[in-house]
Amino acid sequence: FLLRYHKTSEGFMVTETSTDLALIAHLMRRAGFGATLSEIETLSKKPYEVIVDDLLDTSETEWMGEHMVRRFDTEASGMINPPGSQRRWIYRLISSNSPLEEKMTLFWHTIFPAGRDKVINGRVLSDQIDTFRGFALDKFDDVLLQLAKDPAMLVWLDNQDNHKKSINENWGRELLELFSMGVGNYTEDDIKECSRAFTGWSIGNTDYMITRALRDSDWPYGRIAYHYEFKDDDNDKDNKKFLGHEGPLSGEDIIEIICSKESTARFIARHMYHSFVEDEVGVPSWNDIPPKNPEAIQILVDAYFKYNHDIKEMMRVLFNSDFFKSPDVRYARIKSPVELAIGLLRLSKEFSIPNRDMIIKNRQVQYMGQQLNEPPSVEGWHEGEEWVDTGTLIERINFASEQLGDIEHDGIKDLVSKIHETISSSDSEELVQACASHMGLIELSTTTKETLKELADTLEDSPSKIPAMLRMIGASREYQRA
């Protein structure tokens, strides 16, 4: 239980929060990028299951808007270079009223990463993110089908060089190894047959488009984007043998077969558990290290088949499950640099409109160890504890301190005002708890509380005392986790 402060005619009363509020705070850290106490209290007027349903309903999404980005940060709209496409996405991440939609888009980006070192074109990378957003909660079959036609992925994994008379196995191999079934569930022959099925899945007017897209003469409207084209005369229509199936299998047939396998269900279930419940080891270790919670994985596998591979329904099962609601998994995930930064930027409300200060913020996220559309490899990022080392930890703490300590930001100004209204004395314990509660019902450990109380005792009573405490909580182990 957490402390909660109520102003009455007789002064201030301290009461305990309900478990439901703490659960909602946990949900919003995982399904979104966190929420303040006032936002959590507003949500608490609805049953928990309805809050989950609302998060999964992305039919009326609103955000800052493309027109605002084009007007105030033209480069982020034109996407002449990849950092422009990164900023365009960040503007949406910090302003969308559908946080789960963006969280799922980020989820797919970490599983199916593509980067500028091969794709080069910022607009093509941004189009891929829009594609992820479009299928974020669809059937997994549709997810893989759209991925197979995505121009950024086609170039990233060289499928424009996959020809009937000379196959390129890059896409076929990664589709099976990193995007669906995982190592050990297929053979080298399956990779070859899979690759044959995807010959002719390519970029329209390939040579011209790749050359033309390198030019900057389209400013300020951006580079020309690649587009998918199925080249029928380059597609291998001969008989193929794949995972026990035989016939003139097409790319669509291959995806249908992949999605029918239990190994695929387990693969996506473990990714979901890792991203929304608690940190797991990286994918390359999955064959050697079992899941932390096999029963939870099985629940998600069962949901995969029960709901015909529907990602939205799997997520509904996950968020409503006992294993997700368990206090044991709260703060069991280390926030990625993007998650940490977006949560702080949404809280501070620094960017009510786009501006070029976002260039600096984007670089700071990079210094923390993650850059959107810039994965270190086709495996994506190494997450969990590997997000944090002596260098990246300093960057994370400095970013949090910078955002939380700036009273000029509207969100921080409002937060400080609400905290000031709820504390009745200069008591350090009351200050620590009030700040942690208003920041999003942050559940501080006894050790963290005692440390913060000692630090609070050293602060002078002044208008800067509350922002100083917010900064210190932002540096805490609990705030750096989700």
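Here the structure is a predicted model, which is why all the values come from computation and not from measurement. Values below: every heavy atom of this structure, side chains too, minus hydrogens, waters and symmetry copies.
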Report the residues that fulfil side-chain contact (heavy atoms from CB on, under 4.5 Å) with [X], sequence neighbours left out, ordered by chain and then residue number.
X    : value
S263 : M181, N185, K261
K418 : S38, D414, H438
N398 : I394
S59  : D57

Does a sphere of radius 6.0 Å around CG in D238 hold more than 12 heavy atoms from other residues, nucleotides or ligands, not counting ones at 6.0 Å or beyond?
yes

Listed once per pair and sorted, the side-chain hydrogen bond (donor to acceptor under 3.5 Å, both in side chains) pairs that draw on residues 134-146, sequence neighbours left out
D141-H309

Please tell me whether F107 and F276 form a close aromatic pair, meaning their ring centres lie under 6.0 Å apart.
yes

Within the 6.0 Å centroid threshold, strictly below: Y304 and Y307
no

Sort and list the pairs that fulfil ring-ring contact (aromatic ring centres under 6.0 Å, His included) and have at least one residue in residues 283-302, not counting sequence neighbours.
F267-W286, H271-W286

Hey, is the main chain of W387 close enough, under 3.5 Å, to the side chain of T392 for a donor-acceptor pair?
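Yes.
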
Looking at S326 and D322, would you say the former's side chain and the latter's main chain have a donor-acceptor pair under 3.5 Å?
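Such a contact is absent between S326 side chain and D322 backbone.
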
Answer yes when E443 and K449 have at least one side-chain N-carboxylate O distance shorter than 4.0 Å, and no when they do not.
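Salt bridge: no.
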
Below 4.0 angstrom, N of the basic side chain to O of the carboxylate: do R92 and E101 qualify?
yes

Could you list the residues that satisfy salt bridge (charged side-chain N to carboxylate O under 4.0 Å, His left out) with [X], not counting sequence neighbours?
X    : value
K149 : none
R88  : E66, D130
R333 : D279, E339
E256 : none

List in chain and number order the residues that pass side chain to side chain donor-acceptor pair (under 3.5 Å) with Y91, two or more places apart in sequence or in another chain; answer none if no residue qualifies.
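Result, side chain to side chain donor-acceptor pair (under 3.5 Å) vs Y91: D73.
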
Suppose we screen for side chain to side chain donor-acceptor pair (under 3.5 Å). Which residues come up paired with K306, at least two apart in sequence or across chains?
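With neighbours one apart ignored, the set is empty.
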
Shortest non-hydrogen contact between M104 and A136, atoms and distance
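Heavy-atom minimum between the residues: CE-O, 3.6 Å.
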
